[in-house]
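Working notes for the structure below.
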Amino acid sequence: QVQLVESGGGLVQAGGSLRLSCAASGRTSRSYYMGWFRQAPGKEREFVAGISWSYGATYYADSVKGRFTISRDNAKNTVYRQMNSREPEDTAVYYCATAPAGRVISTSSGYDDWGQGTQVTVSS
């Protein structure tokens with residue numbers, strides 16, 4: 001099992017920036033992809049961005065392309081997500097998750113371990 005801890009959430013004004021972190025520990029050798037998801041009140045959890053540990057290949061949902069950037073620091077087993085030009089619609093609980101190789105990474109069912117989530121609120 002991989003343990004994931006998110007940090008960096010909070011309140012930000014529309015148009016502002018915020019960086020979220022996700023630190024992985026435990027059986028990190030099982031982790032091939034790291035993904036970020038979000039869940040707004042009354043909505044389903046949705047994929048936001050993902051990255052592979054080995055090659056750093058990145059994937060983004062259309063709704064965040066050009067505004068969010070995902071990166072990783074393999075030495076720290078940490079994945080980051082820079083969020084720029086935030087909009088009130090970005091208000092949600094953000095989760096990081098890890099998946100082994102060979103999974104569909106754009107759906108939550110592809111991931112085995114999840115963090116506890118961090119709240120991000122964007123004020124207009």
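Residues Tyr80 and Leu4 do not share a hydrophobic cluster, defined by chaining ILVMFWY side chains whose heavy atoms lie under 4.5 Å apart. Follow the hydrophobic side-chain contacts under 4.5 Å out from Tyr60 and you reach Tyr94 in the same cluster. Residues Val64 and Trp36 are members of one and the same hydrophobic cluster, defined by side-chain heavy-atom contacts under 4.5 angstrom among Ile, Leu, Val, Met, Phe, Trp and Tyr.
For residues 20-124, every residue pair satisfying the disulfide bond (SG atoms under 2.5 Å apart) rule, not counting sequence neighbours, is listed here: Cys22-Cys96. Here salt bridge (charged side-chain N to carboxylate O under 4.0 Å, His left out) pairs that include residues 91-109, with residues two or more places apart or in two chains, are Arg103-Asp112. Pairs of residues two or more places apart, or lying in two chains, never qualify as disulfide bond (SG atoms under 2.5 Å apart) while including a residue from residues 28-67. Note on residues 49-63: pairs passing salt bridge (charged side-chain N to carboxylate O under 4.0 Å, His left out), not counting sequence neighbours, are Asp62-Lys65. Applying the disulfide bond (SG atoms under 2.5 Å apart) rule to pairs touching residues 28-74 yields nothing, sequence neighbours excluded.
Residues Tyr59 and Phe47 place their aromatic rings such that the two centres sit no closer than 6.0 Å.
Panel note: side chain Arg72, backbone Trp53; a donor-acceptor pair is recorded below 3.5 Å. The closest donor-acceptor contact from the side chain of Ser63 to the backbone of Ala61 lies at 3.5 Å or more, if one exists at all. Checked by atom type and distance alone, the side chain of Thr91 pairs as donor or acceptor with a backbone atom of Pro88 at under 3.5 Å. Formation of a donor-acceptor pair under 3.5 Å by the Glu6 side chain with backbone atoms of Gln116 is found in this model.
The two residues Tyr32 and Pro100 have their closest heavy-atom pair at CB-C, 3.7 Å. Nearest approach of Phe37 to Ser106, heavy atoms of both residues: CE2-O, 4.5 Å.
Look at Asp113 and Arg27 and you find no salt bridge, because none of the NZ, NE, NH1 or NH2 atoms lies under 4.0 Å from a carboxylate O.
Of the candidates Val48, Thr118, Val79, Thr118 is the only one forming a side-chain contact (heavy atoms from CB on, under 4.5 Å) with Leu20. Here the rule is side-chain contact (heavy atoms from CB on, under 4.5 Å) with Met34, and of Ile70, Ile105, Ile51 only Ile51 fits it.
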Self-check item: Residue pair Trp114, Thr98: steps toward the side chain to side chain contact (heavy atoms under 4.5 Å, CB included) verdict
Solution: CA-CA 7 Å; Trp114 293 79; Thr98 182; over 6 Å; no
Self-check item: Verdict with supporting geometry, Arg38 and Glu46, side chain to side chain contact (heavy atoms under 4.5 Å, CB included)
Solution: CA-CA 5 Å; Arg38 66 184 179 185; Glu46 64 173 350; 2.7 Å; yes
Just distance, no hydrogens or angles: give the donor-acceptor pairs under 3.5 Å from side chains in residues 11-19, sequence neighbours left out.
from  : atom 1 : to    : atom 2 : distance (Å)
Ser17 : OG     : Asn84 : OD1    : 2.9

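You'll find the side chain of Tyr95 reaches within 4.5 Å of the side chain of Gln39, heavy atoms only.
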